[in-house]
Amino acid sequence: MSGLSYSPGEGKMSGKREFYCAQLFGALLFIVGLVAGLLIGIYVYHGGIDTEVICKNIPENIVSDGGEQTTSETPRDDVCHTCERRQARMNWTGEDPEIFAPLTSEEMSKVRGFLLTEQYIDDKPTGGLKSNYLRSMILSPPEKEAVRKYKAGTGPYPGRYVEAHVVRGKLPQPDYMQYKIGPVNKDTMTVQQLYADGELDYNSRPYDGIEISLYHVMLKEDFNILEALTKESFDGAFYSDENSDFSIFFFNGPPGVKSNERETRFSAYFNPYGNEAEYIPLDVLPLSGSIHCPGTDTSEWYVYNYYYLNQGPFQNASALMEAYNNGSLRKISLQNGHRQTVRDRSLPDRDTGVPFRHNSNIPPPRTYEPEGPRYTIKGHNVDWMGWNFDVTTSYLRGPGLFEITFQNNNIAYEISLNEIAVVYGSGSSGQTNIIYADSMYGIGGVVGNVRDVDCPEHATMLETTHWDEFSHSHILSRSICVYEADGENALWRHRGYAFEGGLRNNFLVVRLSSTVGNYDYIIEWHFTLDGKIFTIVSASGYIQGTFWDDNNPFMGDEKTRDSFGYRVNLNTRGPIHDHMIGFKVDLDILGTENTMEVIHWKTGDVMSALKSQVGSVSEVPAYFLINNTRYIEYEEVERETGYRINMEEPKFWIVKNENERNEWGVQRGYEIKPISTASQTLTDAHPAMPALSFSKYHCAVTKRKESEQFMTSTTDTHRLNQPVGYFEKQLNNEYIKNTDIVNWVTVGFLHVPTSEDVPMTARVESGFMLKPFNFFDKTPVFDIQAYLDTRTGWKTERPPKYKPCAEKGLE
Ligand SMILES: *[C@@H]1O[C@H](CO)[C@@H](O)[C@H](O)[C@H]1NC(C)=O
Ligand SMILES: *[C@@H]1O[C@H](CO)[C@@H](O)[C@H](O)[C@H]1NC(C)=O
Ligand SMILES: *[C@@H]1O[C@H](CO)[C@@H](O)[C@H](O)[C@H]1NC(C)=O
Ligand SMILES: *[C@@H]1O[C@H](CO)[C@@H](O)[C@H](O)[C@H]1NC(C)=O
Ligand SMILES: [Cu+2]
């Protein structure tokens, strides 16, 4: 695609006539530029010229579809060059492989080959459940101490290790195992088993394709029995080997509250795209059941607890059918042709029955880089405007950043997404008390960009890789985008009598968009010119609907909602749920030895305010107007602890280095500032709360330990009674002043779905900001060319000039 823009006329100080003329001229030039840009854009796009665009070749009388005819004085003899583009991405040229980069395909193949040779896994899981097979592989985080020594030139390369998750169905006592294997950069690798045999119950393993294909076989038999019921109830639909009118969804976790239970709840859905694997979570049907499926002996498995319109349970399909036939059940009969409407309601396509919104067929504004990117990426190391960091992503946990420095100052060792937990409230069979921790399903798994939507064309894409447990192969896609955004607003500005000036708020974006089942999460970081880092997660995608039953006995007088949500579509209730998104934030403020400080924002009488600093004060100075004031109290945190946001008692969470001071003698630090509207409301009595204990705190602080890498273990929501990696066990009151600490930040949103969530939830956002807090001697942007005019003209400053250009079509 292409773009073209003109710099607006350079304005002088206000109050002078020339200024307005200049402005007017600028505006005119801008409009002319815009029109020319549009025309050239269209021309370049269709014409594909890639060296030079001659503006006078623009066809005459091009009319933009929605707008008026253009008859303006286009500057026809202009020559518009295509923008120069510097290659931002370079191959990694370091002697050793990158420390944090995502696993490569080669590394995964090598590890798989090794596990195969050493007989940890079988070649193909031909033995079905009774095989040992790889479920996933992620980069095992290198030891921080080793990384720091290596970077300082005082230690060897720490090596790259793989954490492999293996389902061990072949063992006499099957289990789930994690191994650390490596170094993959060496010929000789070793294997470390991370849990004791049997410690992670086989029945608490994540779901995978092997198991699900077995479910399908069982259910097809049952749906044969249910044929009359499904045909009558669901507009002629049935489910057999030849006819998959349904798609069955099995991920209504957890499969029990105990680690040894495996009772998989399923719900029937329509299958409007003719693909059983495609899950359209809006049109769920009121037919559900459970599959008893512990262990590897499938002859012991059975389907039970059938419900029809919340009526049941029936021990098996025949019992349901008998009840259906003997007239004891309330029935539903979706009208003839209903199934034909499912796709229309769920596909997020344009409503063809309505006219275009006015001017919506004019292409929207676009940004471009007049002289190419201002960032440089070597491998996965990004450098931009004083910032430097490594980007990575893991199949299970999603993206993360390492070794973040600004102007060569250490800011953070790691900021990584760890977990996204979602707990539902729903009054529909098969879907009550759903609990997900998405790291089990793979937050960084289903990636890949939606063209022209996820990132601008000028972004640079970095590859992500993962091991696919369904196809047993590695998947590579270019899914992380990096680009500099034009904030199109002021980072700072002031317009006074003596001067006016400001700086455009350009920021660097690193983004990964990912699909986890029905939901889509967009995880991104914004690095600003003044040293802030925004960590932002947005949610989009489908809500996981439950069936809206018109005769639901639990509705109040308002017949369109119940205790669990609203009717949001024809047969859909949007069940309430939360999204709790947890990050590991390992700040290293100018070194690893840091202290957390909580600043309490208070209001009280003046004496208390003064006494909070000097206990001996005995008299309030006369100059206080009112015997009440705002004040702040400082509290250095000595022991591991967790905090929750309380709007009534505001707090500032600071991580500082007690031994480093700015020019004013103040200890240098960063503030952790959540942008969140959610709190965990489940109490400790809830069976999921140990496993999801991270979500109790918006910000918790612990001593950093290699043994405490993450805030959850990826499969603990399948062993709620025996979680192995839950957060609260890390909060054990250790002394943390002046030591290497980690903050665990959880943000998110509470979601009451409404009709506007159908078919798609449109971007809901949460996150947190890391903000310099006495870190610098002053606003750290005055080494950048800004805009400044003084009244008498004694000082003038401008950002770099540029020539308008047309952006070349990029691959
Ligand atoms: C970077 O590495 C890739 C893969 O090894 C290679 O195909 C490509 O030519 C290299 N690019 C440069 C600029 O060296
Ligand atoms: C199905 O359930 C009924 C009633 O609970 C029971 O009598 C019958 O034996 C079951 N049928 C099969 C095939 O298990
Ligand atoms: C109908 O069948 C169900 C399931 O077998 C049974 O529990 C129920 O008693 C039967 N009702 C009548 C009215 O026959
Ligand atoms: C200010 O208010 C505090 C708390 O009510 C009281 O103890 C103190 O005497 C007051 N001081 C003055 C100067 O009124
Ligand atoms: Cu939601």
Side-chain angles (χ1 to χ4, degrees), residues 85-94 97-98 101-102 104-107 251 281-282 284 372-373 376-381 420-426 431 434-438 441 443 460-463 465 476 478 514-522 537-546 564-566 568-569 572-581 602-612 615 617-631 676-678 680-681 695 747-766 811:
R85 193 174 165 85
R86 191 172 63 79
Q87 189 56 41
R89 179 95 195 266
M90 285 172 244
N91 284 348
W92 177 251
T93 52
E98 294 183 84
T104 65
S105 304
E106 292 72 29
E107 286 170 331
F251 299 88
L282 291 175
V284 59
T376 303
I377 307 175
K378 287 189 186 130
H380 295 79
N381 179 264
I420 301 179
V422 186
V423 177
Y424 285 78
S426 156
Q431 306 218 33
I434 287 177
I435 297 161
Y436 295 131
D438 285 338
Y441 301 92
I443 297 169
T460 298
M461 305 303 301
L462 306 187
E463 63 284 351
T465 46
L476 184 133
R478 301 202 308 160
S514 158
T515 306
V516 189
N518 52 314
Y519 263 112
D520 294 70
Y521 292 105
I522 304 155
V537 183
S538 328
S540 185
Y542 284 114
I543 57 168
Q544 179 168 344
T546 48
F564 309 103
Y566 288 94
V568 297
N569 206 277
T572 314
R573 182 211 281 112
I576 58 164
H577 58 275
D578 61 353
H579 300 253
M580 291 291 179
I581 304 152
K602 307 198 77 156
T603 298
D605 65 279
V606 174
M607 190 57 110
S608 309
L610 299 177
K611 270 186 183 285
S612 74
V617 174
S618 59
E619 213 170 305
V620 171
Y623 49 74
F624 280 92
L625 182 62
I626 300 170
N627 186 17
N628 184 281
T629 182
R630 286 190 194 293
Y631 64 101
S676 183
T677 55
Q680 181 57 273
T681 57
S695 65
V747 295
F749 17 82
L750 309 182
H751 195 171
V752 178
T754 61
S755 47
E756 293 82 5
D757 284 297
V758 178
M760 283 286 135
T761 292
R763 197 179 184 84
V764 198
E765 204 172 277
S766 189
E811 340 114 57

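All ligand and atom numbering here is 1-based and tracks the order in the structure. Predicted model, so just to flag it, every value in this text is computed and none were measured.
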Distance, nearest 0.5 Å, that separates CE of M90 from CG of N381: 10.5 Å
Nearest-0.5 Å distance that lies between atom OG in S766 and atom CE in M580: 9.5 Å
Expected rows: ligand 1 N/O, protein N/O, dist below 3.5 Å:
{"from": "ligand 1", "atom 1": "2 (O)", "to": "N91", "atom 2": "OD1", "distance (Å)": "3.3"}
{"from": "ligand 1", "atom 1": "2 (O)", "to": "N91", "atom 2": "ND2", "distance (Å)": "2.2"}
{"from": "ligand 1", "atom 1": "11 (N)", "to": "N91", "atom 2": "ND2", "distance (Å)": "2.9"}
{"from": "ligand 1", "atom 1": "14 (O)", "to": "N91", "atom 2": "ND2", "distance (Å)": "3.3"}

Partners passing side chain to side chain donor-acceptor pair (under 3.5 Å) against E619 (at least two apart in sequence or in another chain): none
Check against side-chain contact (heavy atoms from CB on, under 4.5 Å), Y566 and R573: CA-CA 6 Å; Y566 288 94; R573 182 211 281 112; over 6 Å; no
Interatomic spacing from OH in Y521 to OG in S514 - rounded to 0.5 Å: 9.5 Å
Sub-4.5 Å side-chain heavy-atom contact between L610 and P621: yes
CA sep, side-chain torsions, deciding dist, call: E765, S538, side-chain contact (heavy atoms from CB on, under 4.5 Å): CA-CA 4 Å; E765 204 172 277; S538 328; 3.9 Å; yes
Near the Cu ion (ligand 5) (cut-off under 2.8 Å), count of protein N, O or S atoms: 4
For M607, all residues meeting side-chain contact (heavy atoms from CB on, under 4.5 Å), sequence neighbours excluded: D605, K611, V617, V620
Gap between atom OG1 of T465 and atom CD of E107 - 0.5 Å precision: 8.0 Å
Heteroatom proximity flag, D605 to ligand 4, N/O under 3.5 Å: no
Test ring pair (Phe, Tyr, Trp, His ring centres under 6.0 Å) applied to H577 and Y519, F749, Y436, the passing residue: Y519
